[in-house]
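Inspection log for the structure reproduced underneath, given as structure tokens.
Quick note on labels: first sequence line is chain A, next is B, and so on, each numbered from 1.
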Number of protein chains: 2
Amino acid sequence: MLTPHYGQPRYRVIADELRERIESGTIQPGALLPTESALTAEFRASRGTIRQAIAMLRDERLVATERGRGSYATPKRQQGWPEGGSAMETRQRQVPADPELAALFAVEVGVPLIEQQCIARTDGAVEAVVRTYRPLRAMR
Amino acid sequence: MLTPHYGQPRYRVIADELRERIESGTIQPGALLPTESALTAEFRASRGTIRQAIAMLRDERLVATERGRGSYATPKRQQGWPEGGSAMETRQRQVPADPELAALFAVEVGVPLIEQQCIARTDGAVEAVVRTYRPLRAMR
DNA sequence: AGAAATTTGTCCGTATGTATC
DNA sequence: AGATACATACGGACAAATTTC
């Protein structure tokens, strides 16, 4: 038929193909992918399906998309832990308890707490920021 | 016109409305959301637009969707950790980026971020509060 | 157990808005 | 200003999973 998805949905098959091209270097890091209409022609799929495939790659951070410009392969992406230096930064400081933290720790608002902040980066871009709050109070 | 997206796109407006219902308890945790066709009727939007709105909430882990069943408000944070000595509570919300987070994520101050908060307790006492911040991820 | 109805998933085609080149 | 390219939105059709009868 025209649109049966045996086994895998088409957008997934297309995403797999594009992912392969990126990871194999056929589409080089930083290079623009073919336009949506070009992919529409190549895979003979509707634009919606193509967009769905690209959305998958975007979620995987494998490509980035800019309106009016196109989607380009994200420059160099490492799986797992980078072998080089640490991609995390940590720092510690004291901050006054906001009302919610104050309630949780059963202290007054404004009482200083220890805040440890970790910054997770990938290729320089901040993926997430983690802040851990603990009371200063007597050890243990 | 019928479908111009001045200002905010419709799917975003709809997502905001549904998010509000969930966070306000109008839609209780674990309860099923209205079906896509019901939402289609209520918001007088196409099913694709409704699905796009729900996809946003799914990305925010605010709802989970099962084929043939529906989408339900996420009841609890099933942290992949079995019951041990200490109890954890988790919750999620959106908060505006403070200047520091804004700088780290390279967004404007006030732009909404996803904040996941874990509370680590031991014997009822709060040991630590961990807040993880991530960007909402534009597009989609 | 089986059939029908319900509900989400996938896909197509088209039209129009908006940002970039 | 025009052309190109992505974003949003509509509508319809069928597939697949679940629920209901």
Side-chain angles (χ1 to χ4, degrees), chain A residues 1-18 22 27 30-74, chain B residues 1-18 22 27 30-75 107-108 111 135-140:
Chain A
M1 283 309 305
L2 289 171
T3 58
H5 39 286
Y6 300 122
Q8 288 207 332
R10 296 199 62 190
Y11 74 88
R12 194 178 238 294
V13 174
I14 295 171
D16 290 343
E17 168 63 24
L18 293 176
I22 293 172
I27 297 177
L32 282 171
L33 272 65
T35 67
E36 293 177 353
S37 52
L39 294 172
T40 290
E42 174 182 350
F43 292 103
R44 272 168 304 176
S46 77
R47 207 181 139 217
T49 301
I50 297 295
R51 285 178 57 75
Q52 213 170 344
I54 292 178
M56 275 196 73
L57 304 180
R58 195 161 45 226
D59 282 351
E60 298 168 17
R61 304 286 204 279
L62 227 114
V63 306
T65 304
E66 285 173 29
R67 177 191 279 207
R69 191 149 179 303
S71 296
Y72 49 90
T74 307
Chain B
M1 285 304 303
L2 288 172
T3 58
H5 42 284
Y6 299 125
Q8 283 212 331
R10 299 200 59 191
Y11 74 87
R12 197 180 286 272
V13 175
I14 294 170
D16 290 344
E17 167 65 23
L18 293 176
I22 292 171
I27 296 177
L32 283 172
L33 272 64
T35 67
E36 292 177 356
S37 53
L39 294 172
T40 290
E42 175 182 349
F43 291 103
R44 272 168 303 177
S46 76
R47 201 182 145 212
T49 302
I50 297 295
R51 286 178 57 77
Q52 212 169 345
I54 292 178
M56 275 194 73
L57 304 181
R58 199 162 39 226
D59 283 351
E60 298 167 19
R61 305 289 195 277
L62 214 81
V63 307
T65 304
E66 285 172 27
R67 182 194 304 215
R69 244 178 85 56
S71 296
Y72 50 89
T74 320
V107 299
E108 309 259 329
V111 165
L136 273 179
R137 164 109 79 268
M139 305 208 170
R140 243 197 116 161

Between [atom1] on residue [X] and [atom2] on residue [Y], distance to nearest 0.5 Å:
X: B:I50; Y: B:I14; atom1: CD1; atom2: CD1; result: 4.0 Å
X: A:I27; Y: A:L18; atom1: CD1; atom2: CG; result: 6.0 Å
X: A:R10; Y: A:F43; atom1: CZ; atom2: CZ; result: 9.0 Å
X: A:T74; Y: A:I22; atom1: OG1; atom2: CD1; result: 7.5 Å

Quick one: is [N] close enough that its OP1 or OP2 comes under 4.0 Å of any side-chain N or O from [X]?
X: B:Y11; N: D:dA9; value: no
X: B:R12; N: D:dT8; value: no
X: B:R10; N: D:dC10; value: yes

What is the distance, rounded to the nearest whole Å, between atom [atom1] of [X] and atom [atom2] of [N]?
X: A:R51; N: C:dC12; atom1: CZ; atom2: P; answer: 14 Å
X: B:Q8; N: D:dA9; atom1: CD; atom2: P; answer: 10 Å
X: A:Q52; N: D:dA7; atom1: CD; atom2: P; answer: 14 Å
X: A:Y72; N: C:dT20; atom1: OH; atom2: C1'; answer: 13 Å
X: B:F43; N: D:dA9; atom1: CZ; atom2: P; answer: 13 Å
X: A:R58; N: D:dA5; atom1: CZ; atom2: C1'; answer: 13 Å
X: B:I54; N: C:dG9; atom1: CD1; atom2: P; answer: 8 Å
X: B:I14; N: D:dC10; atom1: CD1; atom2: C1'; answer: 12 Å

Options [options], nucleotide nearest the side-chain atoms of [X]:
X: B:S46; options: D:dC10, C:dC11, C:dT8; value: D:dC10
X: B:E36; options: C:dT8, D:dT8, D:dC6; value: C:dT8
X: B:R67; options: D:dA15, C:dC11, D:dT8; value: D:dA15
X: A:T65; options: D:dC6, D:dC10, C:dT10; value: D:dC6
X: A:T35; options: D:dA5, D:dA7, C:dT20; value: D:dA5

What bend angle does the helix from C:dG2-D:dC21 to C:dC21-D:dG2 show across its length, from five-pair end axes and to the nearest 10 degrees?
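Rounded value for the end-axis angle: 10°.
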Search all heavy atoms of [X] against all heavy atoms of [Y] and return the closest pair with its distance.
X: B:G70; Y: B:L32; value: C-CD2, 4.0 Å
X: B:A15; Y: B:L57; value: O-CD2, 3.7 Å
X: A:I54; Y: A:S71; value: CG2-OG, 3.7 Å

Do B:S37 and B:T40 meet the criterion of a side-chain donor-acceptor pair at a distance under 3.5 Å?
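There is no such pair between these side chains.
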Discussion item. Using heavy-atom distances to pick each residue's nearest nucleotide on DNA chain C, tell me which of A:R69 and A:R44 is more 5'.
Written reply: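 Counting from the 5' end, the first nearest nucleotide belongs to A:R44.
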*Please work out if A:G48 contacts a base, only the sugar-phosphate, or nothing of the nucleic acid, heavy-atom cut-off 4.0 Å.*
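A:G48: no heavy atom of the nucleic acid under 4.0 Å.
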Side-chain donor/acceptor of A:R47 to base of D:dA7, under 3.5 Å: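 When only heavy-atom distances are counted, A:R47 does reach the base of D:dA7 through a donor-acceptor pair under 3.5 Å.
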